[in-house]
Amino acid sequence: DVKVTQSSRYLVKRTGEKVFLECVQDMDHENMFWYRQDPGLGLRLIYFSYDVKMKEKGDIPEGYSVSREKKERFSLILESASTNQTSMYLCASSTPRREYGYTFGSGTRLTVV
Amino acid sequence: AQTVTQSQPEMSVQEAETVTLSCTYDTSESDYYLFWYKQPPSRQMILVIRQEAYKQQNATENRFSVNFQKAAKSFSLKISDSQLGDAAMYFCALMNRDDKIIFGKGTRLHILP
């Protein structure tokens, strides 16, 4: 069964900490995405990548960075966590075959205290 | 700007009845896909149904069907014979040629036993 795996389901971090959210897919997908999901705001795109070592800013990249050293792994980094980054983070992957849409991970609920 | 609008934040339907979730979108492109995603309380987002813009025939997947009105830029989801397992957040989504998906803010569907 193909899947996208996010390393943590729940995470609690302190303000100012550097936080790593890991995402791994086993489908050999070219494209990977990070979204944050907040009530009433839906899903907002943070960063995405179409290839290894490639990254592009989404709609809300401030306070975040990403790393894609291997095709299967796409990491989201919060350089200095702040309370307004408390959110649900969703990773997704896709192929250039758009009709399949995205495959999503289970999400990481991050709380910054 | 490309947008996806879901005007119903919450809806309720009696078990075994039919419900329609509304979605409108805006895009300047002619080649795009539309999707409905379901996010149950367990959180993993799953694809319910897809529609290619070039296809006039409305997509159907078992109890789920869409009403795609391209000129009106409308893409509603109909769920027939609603079941308790249909309770979830539903997101309407638009994918253009750049492979990025734009999501609506979601409609929370409650199923009343």
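What you are looking at is a predicted structure, and each value in this text was computed from that prediction instead of being measured.
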- Message: Just so I understand: if I count every heavy-atom pair under 4.5 Å between each of A:Q37, A:R44, A:R109, A:E56 and chain B, which residue has the most?
- Response: A:Q37

- Message: Between B:R108 and chain A, with a heavy-atom cut-off of 4.5 Å, which part of the residue counts as in contact: side chain, backbone, both or neither?
- Response: neither

- Message: Strictly distance-based, threshold 3.5 Å: is any side-chain N or O of B:Q44 a donor or acceptor partner for the main-chain N or O of A:F104?
- Response: yes

- Message: Just so I understand: if I count every heavy-atom pair under 4.5 Å between each of B:R97, B:M89, B:E52 and chain A, which residue has the most?
- Response: B:R97

- Would you give the length of the straight line joining atom CZ of B:F103 to atom CG of A:L90, rounded to the nearest 0.5 angstrom? 8.5 Å

- Query: Taking everything shown except B:K78 itself, do over 12 heavy atoms lie less than 6.0 Å from its NZ?
  - Reply: no

- Query: Is there a path from B:V48 to B:Y25 through hydrophobic residues (I, L, V, M, F, W, Y) whose side chains come within less than 4.5 Å of each other?
  - Reply: yes

- Could you tell me which portion of B:Q39 (side chain, backbone, both or neither) has an atom closer than 4.5 angstrom to a non-hydrogen atom of chain A? side chain

- Message: Can you tell me if A:N84 has over 12 outside heavy atoms packed within less than 6.0 Å of its CG?
- Response: yes

- If you look at every heavy atom in A:F33 and B:D99, which pair is closest and at what distance? CZ-O, 3.5 Å

- Message: Do A:V66 and A:F48 sit in one hydrophobic cluster, given that two such residues count as connected whenever their side-chain heavy atoms are within less than 4.5 Å of each other, even indirectly?
- Response: no

- Nearest 0.5 Å, what's the CD1-OG1 distance between B:I46 and A:T103? 11.5 Å

- Message: Report which part of B:N96 has an atom under 4.5 Å of a heavy atom belonging to chain A: side chain, backbone, both, or neither.
- Response: backbone

- Task: Would you name the heavy atoms of B:M95 and A:G101 that are closest together and state the gap between them?
- Result: CE-CA, 4.2 Å

- Note on the structure: Distance col, row A:N31:CG vs B:I101:CD1, nearest 0.5 angstrom, shows 10.0 Å

- Item | Neighbour count above 12 (heavy atom, 6.0 Å) for B:K70 NZ | yes

- Task: Answer whether the closest heavy-atom distance between the side chains of A:E99 and B:R50 falls below 4.5 Å.
- Result: yes

- So which part of A:Y50 gets closer than 4.5 Å to some heavy atom of chain B, the side chain, the backbone, both or neither? side chain

- Message: For the backbone of B:L47 and the side chain of A:Y102, can you confirm whether one donor and one acceptor N or O come within less than 3.5 Å of each other?
- Response: no

- Are B:I102 and B:V66 connected, step by step, through hydrophobic side chains (Ile, Leu, Val, Met, Phe, Trp, Tyr) whose heavy atoms are closer than 4.5 Å? yes

